[in-house]
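Everything below concerns the one structure shown next.
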Amino acid sequence: GLNEFRLGDRLRELTSRPVHVANDADMAMAGEARFGAARGVRNAVAITIGTGIGTGLWLDGKLWEGAHGSGAEFGLAHGPDVPQRKGGPRWVTLEAAASAEAVRGWAGADAETIFARARDGDRAALDAVATVCEHLGVAVANIHLMLDLELALLCGGMARAGDALLEGVQAAFRAHCVDYCQPGLEIKLGALGDEAGVLGAAALAFDRAGAAA
């Protein structure tokens, strides 16, 4: 019901204040760049893994939103299903394969439970975690090979899995990224948790207000 609804314009009318509508993953990237794990980094990607998967890019020291404000939607990029499930080969979006909602759909429990079972050695849970990490590692490799980044951050609710997620994605990245490009990229967990997007939005709002003054 919100298709074609100009939210920013309506909020400006109601508040008589400047309004800028932005993508939540972009704001998380901005927050981590200004106050978190990407401080001092000029080229980075934040991958927010929750109900869906979003990506935000920080290029040459500033947020990159694309020509139409919808840049860096890598969660909607397609790749082959890993591993191939019933019905033979198929192509799926990254978020359909590796988001928390996707895990709930095909692994039979929420992501927190699946990672906890994997820590206890449950074979099915270990396979599910490996599948998630494989998809995310391939995604990081592809983004890095295109943009030659310094840092990839894993953010969002699933990042609470900590080292189990981080180490799996790092291993998958090493398996899929050409050797001579690997030393240029560090993969880390975001530092700001759920506050990353709020802090990024606030910082950009103050920047815009200062530029207009």
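Note that this is a predicted model, so its numbers are computed, not measured.
- When hydrophobic residues (I, L, V, M, F, W, Y) are linked wherever their side-chain heavy atoms come within less than 4.5 Å, the members clustered with Leu192 are Phe35, Leu199.
- Connectivity analysis of hydrophobic side chains (ILVMFWY, heavy atoms under 4.5 Å, direct or indirect) links Leu145 to Val178, Tyr180.
- Residue Leu126 is found outside any hydrophobic cluster, as its side-chain heavy atoms come under 4.5 Å of no other Ile, Leu, Val, Met, Phe, Trp or Tyr.
- Cys177 has its side chain within reach of His144: a pair of non-hydrogen atoms, C-beta onward, lies under 4.5 Å apart.
- Shown here is Arg6, whose CZ atom has no more than 12 heavy atoms of other residues, nucleotides or ligands within 6.0 Å.
- Every residue was checked against the side-chain hydrogen bond (donor to acceptor under 3.5 Å, both in side chains) condition with Arg174, not counting sequence neighbours, and none meets it.
- Applying the salt bridge (Lys or Arg N to Asp or Glu O under 4.0 Å) rule to pairs touching residues 23-38 yields Arg34-Asp207, sequence neighbours excluded.
- Hydrophobic cluster membership of Val138, counting Ile, Leu, Val, Met, Phe, Trp and Tyr whose side-chain heavy atoms lie under 4.5 Å apart directly or via other members: none, as it forms a cluster of its own.
- Residues Leu76 and Leu94 are not in side-chain contact: their nearest non-hydrogen atoms beyond the backbone lie 4.5 Å or more apart.
- Around the CG atom of Asp9, the shell of radius 6.0 Å holds more than 12 heavy atoms that belong to other residues, nucleotides or ligands.
- Listed by first and then second residue, the salt bridge (Lys or Arg N to Asp or Glu O under 4.0 Å) pairs involving residues 108-119 amount to none (not counting sequence neighbours).
- Taking the side chain to side chain contact (heavy atoms under 4.5 Å, CB included) definition, one finds that Leu165 meets it with Ile49, Phe115, Val132, Cys133, Leu136, Leu154, Met158, Ala161, Val169, sequence neighbours left out.
- A distance of 4.5 Å separates CG in Leu204 from CE in Met27, rounded to the nearest 0.5 Å.
- Shown here are the side-chain hydrogen bond (donor to acceptor under 3.5 Å, both in side chains) partners of His78, two or more places apart in sequence or in another chain: there are none.
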For His176 and Glu134, what are the C-alpha separation, side-chain angles and deciding distance, and is it a side-chain hydrogen bond (donor to acceptor under 3.5 Å, both in side chains)? CA-CA 9 Å; His176 292 285; Glu134 184 84 353; 2.8 Å; yes

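- Applying the side-chain hydrogen bond (donor to acceptor under 3.5 Å, both in side chains) criterion to Arg17, with sequence neighbours excluded, gives no partner residue.
- For Arg10, the salt bridge (charged side-chain N to carboxylate O under 4.0 Å, His left out) test picks out Glu13, with sequence neighbours left out.
- Applying the side-chain hydrogen bond (donor to acceptor under 3.5 Å, both in side chains) test to Glu73 and every residue at least two apart in sequence or in another chain returns Asn23.
- When every heavy atom of Ala118 is checked against every heavy atom of Ala125, the shortest pair comes out as N-CB, 3.5 Å.
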